[in-house]
Number of protein chains: 2
Amino acid sequence: MCDFNNIIPLMENFKNNKKYIAILNTSRELFWKHGVRRVTVEEICREAKTSKMTFYRFFPDKIELAKKVLDLFYEESLLNFRKIIRDDSSASVKMQKMIQMKLEGSNEISNEFIQDFLISANLGLTSYFEEKLKVIWAAGIKEFKLGQDEGWIRKDLNIEFLFFFSQKIIPVLNDKDLLNLFSSPQDLIVEVANLIIYGIAPKE
Amino acid sequence: MCDFNNIIPLMENFKNNKKYIAILNTSRELFWKHGVRRVTVEEICREAKTSKMTFYRFFPDKIELAKKVLDLFYEESLLNFRKIIRDDSSASVKMQKMIQMKLEGSNEISNEFIQDFLISANLGLTSYFEEKLKVIWAAGIKEFKLGQDEGWIRKDLNIEFLFFFSQKIIPVLNDKDLLNLFSSPQDLIVEVANLIIYGIAPKE
DNA sequence: TAATTATTATACTTTATTTGTCTATTTAAA
DNA sequence: TTTAAATAGACAAATAAAGTATAATAATTA
């Protein structure tokens with residue numbers, strides 16, 4: 001008699017909805033380029049070929065959409081990260097893949113996007129971002145600790161330190177003069193990966 | 001008794017004014033990234049470390065500023081172009097330099113910027129842009145005709161055709177597979193320049 | 001130094017844009 | 001055919017941006 005499916009909103013069915021996905025993709029692109037502040041709901045709808053009413057059926061407002069975009073981005077990044085960590089290649093290759101990923105920047109959040117999360121406190125995104133970052137950071141560290149358990153990362157390594165270190169080292173790797181020491185970027189990546197994995201001691 | 005210098009506004013003295021230059025540079029950067037529409041006067045002032053009042057002393061509004069930015073960009077581009085054309089290197093080297101310039105995109109107007117000139121008719125920039133383009137186009141053609149007079153460009157070449165052609169050819173040169181046929185991008189540029197200058201006939 | 005001029009910060013009004021909601025219609029699916 | 005989903009357009013309310021006025025400060029120059 002009483003079918004609750006008709007009463008309780010089918011929240012998570014959105015995921016497969018074409019329009020919902022179109023809005024997410026379009027907004028991600030626009031947010032990436034220009035940040036949240038500069039992009040209007042109307043613009044997103046126009047680009048995603050949807051109407052405003054449909055937009056508001058899915059998202060209460062632009063800010064919540066931005067949060068969702070951030071969520072999905074992190075989810076995706078973590079998945080990529082996990083795939084490399086749990087991959088059954090050697091430690092050195094894993095590290096190479098991670099460096100590659102970092103260099104390509106495919107896992108990098110755009111500057112314009114992040115600015116609106118961090119700087120313009122007015123949008124109310126700052127704390128959300130910080131919370132999210134903490135969670136992701138923890139998840140990433142957990143993955144690395146897995147590597148310690150599996151034995152291909154030494155147990156006395158400070159993972160938190162490694163994370164900070166890897167953030168700082170990327171610009172250095174993009175140095176033109178450094179690149180010239182190698183016959184290809186790939187060779188540089190291998191060299192760095194080996195340094196990180198094996199240090200400077202000879203492999204026994 | 002009557003000093004007209006005090007009455008007639010010293011219009012063109014702006015050119016050397018620090019603040020004026022700061023506003024132009026800042027706005028160019030912002031317009032380049034986001035287009036005119038998305039950038040606010042207040043934002044420009046903030047970035048250029050100047051006040052709104054100073055802004056309005058130099059420019060009646062954002063649109064006039066955008067026009068000025070376009071003007072200066074074209075002026076600069078034409079100067080670069082002229083420098084190459086009137087340079088006393090060989091025809092082939094001239095062409096190499098021009099191709100290089102095109103590839104670097106340093107003389108390319110940004111897409112975001114141009115969008116606001118072309119698409120959003122509301123800003124009233126479209127006709128201004130078209131007029132300007134005509135003038136620059138003509139100036140460019142005139143430079144090339146100089147080359148014809150000087151004898152290093154054959155007299156029966158249709159310069160207008162060459163212009164269209166060179167616009168279309170750039171993306172082709174950025175093709176990865178094409179680049180792989182050469183040991184360096186520079187070699188590709190030399191090859192293309194030689195083709196344009198000498199055609200396929202052997203140099204006598 | 002005093003006078004002049006340029007610049008700024010702030011507050012404020014006006015104008016324009018954006019938001020979010022409401023309809024009446026159209027389109028698509030069951 | 002009925003039901004649900006999506007759209008276009010109009011709209012009031014909220015927000016943001018433009019542009020002006022004023023008083024206070026800093027920088028120049030005579």
Side-chain angles (χ1 to χ4, degrees), chain A residues 3 5-27 30-31 34-68 115-116 119-125, chain B residues 3 5-27 30-31 34-68 115-116 119-125:
Chain A
D3 183 356
N5 280 329
N6 289 330
I7 296 168
I8 298 163
L10 310 171
M11 284 298 283
E12 291 308 308
N13 280 11
F14 285 175
K15 274 187 206 154
N16 311 307
N17 185 300
K18 261 186 171 181
K19 294 284 173 180
Y20 178 76
I21 292 164
I23 291 171
L24 278 172
N25 288 335
T26 310
S27 62
L30 287 168
F31 288 163
H34 302 295
V36 178
R37 189 174 39 92
R38 286 183 221 263
V39 175
T40 70
V41 171
E42 219 147 343
E43 192 181 5
I44 293 166
C45 292
R46 200 185 325 121
E47 294 289 312
K49 290 180 204 321
T50 187
S51 74
K52 246 201 286 192
M53 285 312 292
T54 313
F55 177 97
Y56 283 109
R57 207 159 59 80
F58 292 133
F59 305 97
D61 55 38
K62 193 172 69 172
I63 300 304
E64 291 308 310
L65 168 62
K67 287 179 184 173
K68 191 75 196 172
Q115 291 271 318
D116 280 350
I119 291 175
S120 43
N122 41 346
L123 295 178
L125 290 170
Chain B
D3 183 356
N5 279 329
N6 289 330
I7 296 168
I8 297 164
L10 308 173
M11 284 297 283
E12 293 309 307
N13 280 11
F14 285 177
K15 274 185 206 154
N16 313 308
N17 185 300
K18 260 186 172 182
K19 294 284 172 182
Y20 177 76
I21 293 166
I23 291 171
L24 279 172
N25 288 335
T26 310
S27 62
L30 287 168
F31 288 163
H34 301 295
V36 178
R37 190 173 39 93
R38 285 184 221 263
V39 175
T40 71
V41 171
E42 220 147 341
E43 193 182 2
I44 294 166
C45 292
R46 199 184 326 120
E47 294 289 312
K49 289 179 204 321
T50 186
S51 73
K52 247 203 283 194
M53 287 311 291
T54 313
F55 178 97
Y56 284 109
R57 207 159 57 80
F58 292 133
F59 306 96
D61 55 37
K62 193 174 68 172
I63 299 304
E64 291 308 309
L65 169 62
K67 288 179 183 172
K68 191 76 196 172
Q115 291 268 321
D116 281 349
I119 290 175
S120 43
N122 41 346
L123 296 178
L125 290 170

Undergrad: Between the protein and nucleotides 8-16 of chain C, which nitrogen or oxygen pairs come in under 3.5 angstrom?
TA:
| residue | atom | partner | partner atom | Å |
| --- | --- | --- | --- | --- |
| C/dT8 | OP1 | B/K19 | NZ | 2.5 |
| C/dT8 | OP1 | B/K49 | O | 3.2 |
| C/dT8 | OP2 | B/T50 | OG1 | 2.9 |
| C/dT8 | OP2 | B/S51 | N | 3.1 |
| C/dT8 | OP2 | B/T54 | OG1 | 2.9 |

Undergrad: A/K62 has a side chain; which of C/dT19, D/dG19, D/dA18 sits nearest to it?
TA: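 Shortest atom-to-atom distance from the side chain points to C/dT19.
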
Undergrad: Roughly, in whole Å, what's the span from CZ in A/F55 to C1' in D/dA5?
TA: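 Taking atom C1' of D/dA5 as the reference, CZ of A/F55 is at 17 Å.
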
Undergrad: Whole Å only: how far is the OH atom of B/Y20 from the C1' atom of C/dA6?
TA: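 Going from OH in B/Y20 over to C1' in C/dA6 covers 17 Å.
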
Undergrad: Locate the shortest heavy-atom distance separating B/A66 from B/F31; write the atom from each residue and the value.
TA: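 Scanning both residues, the minimum pair turns out to be CA-CE1, 3.8 Å.
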
Undergrad: Where the side chain of A/K52 meets the backbone of A/V41, is there a donor-acceptor pair that is under 3.5 Å apart?
TA: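 The answer is no, because no donor-acceptor pair under 3.5 Å joins these two groups.
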
Undergrad: Round to the nearest Å and state the distance from A/F59 atom CZ to C/dG20 atom P.
TA: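 Computing the A/F59:CZ to C/dG20:P distance gives 13 Å.
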
Undergrad: Can you measure A/D61 atom CG to D/dT15 atom P for me and round it to whole angstrom units?
TA: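 To the nearest whole Å, that distance equals 12 Å.
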
Undergrad: Looking at A/K19, is its backbone amide N or carbonyl O close enough to the side chain of A/K49 to form a donor-acceptor pair, meaning the two atoms are under 3.5 Å apart?
TA: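 No; judged by distance alone, with no hydrogens or angles, the pair does not exist.
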
Undergrad: Whole angstroms only, please: what is the CD1-C1' distance between B/I44 and D/dA17?
TA: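 From B/I44 CD1 to D/dA17 C1': 12 Å.
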
Undergrad: Could you tell me if the side chain of B/T50 sits less than 4.5 Å from the side chain of B/T26, heavy atoms only?
TA: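 They are not in contact (no side-chain heavy atoms under 4.5 Å apart), so the answer is no.
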
Undergrad: What's the CD1-P distance between A/I63 and C/dT18, to the nearest Å?
TA: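 After rounding, the reported distance stands at 15 Å.
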
Undergrad: Do the ring planes of A/Y20 and A/F59 sit parallel (below 30°), tilted (30 to 60°) or perpendicular (above 60°)?
TA: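 Ring orientation of A/Y20 relative to A/F59: parallel.
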
Undergrad: Between A/R46 and A/E43, is the salt bridge (Lys or Arg N to Asp or Glu O under 4.0 Å) condition met? List the steps.
TA: CA-CA 5 Å; A/R46 200 185 325 121; A/E43 192 181 5; 5.3 Å; no

Undergrad: I want to verify a distance call: between C/dT18, D/dA17, D/dT20, whose nearest atom is closest to the B/Y56 side chain?
TA: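 Output: D/dT20.
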
Undergrad: Send over the distance from A/R37 CZ to C/dT18 P, rounded to a whole Å.
TA: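 Roughly 13 Å, once rounded to whole Å.
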
Undergrad: What's the CD-C1' distance between B/E43 and D/dA18, to the nearest Å?
TA: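 Taking atom C1' of D/dA18 as the reference, CD of B/E43 is at 14 Å.
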
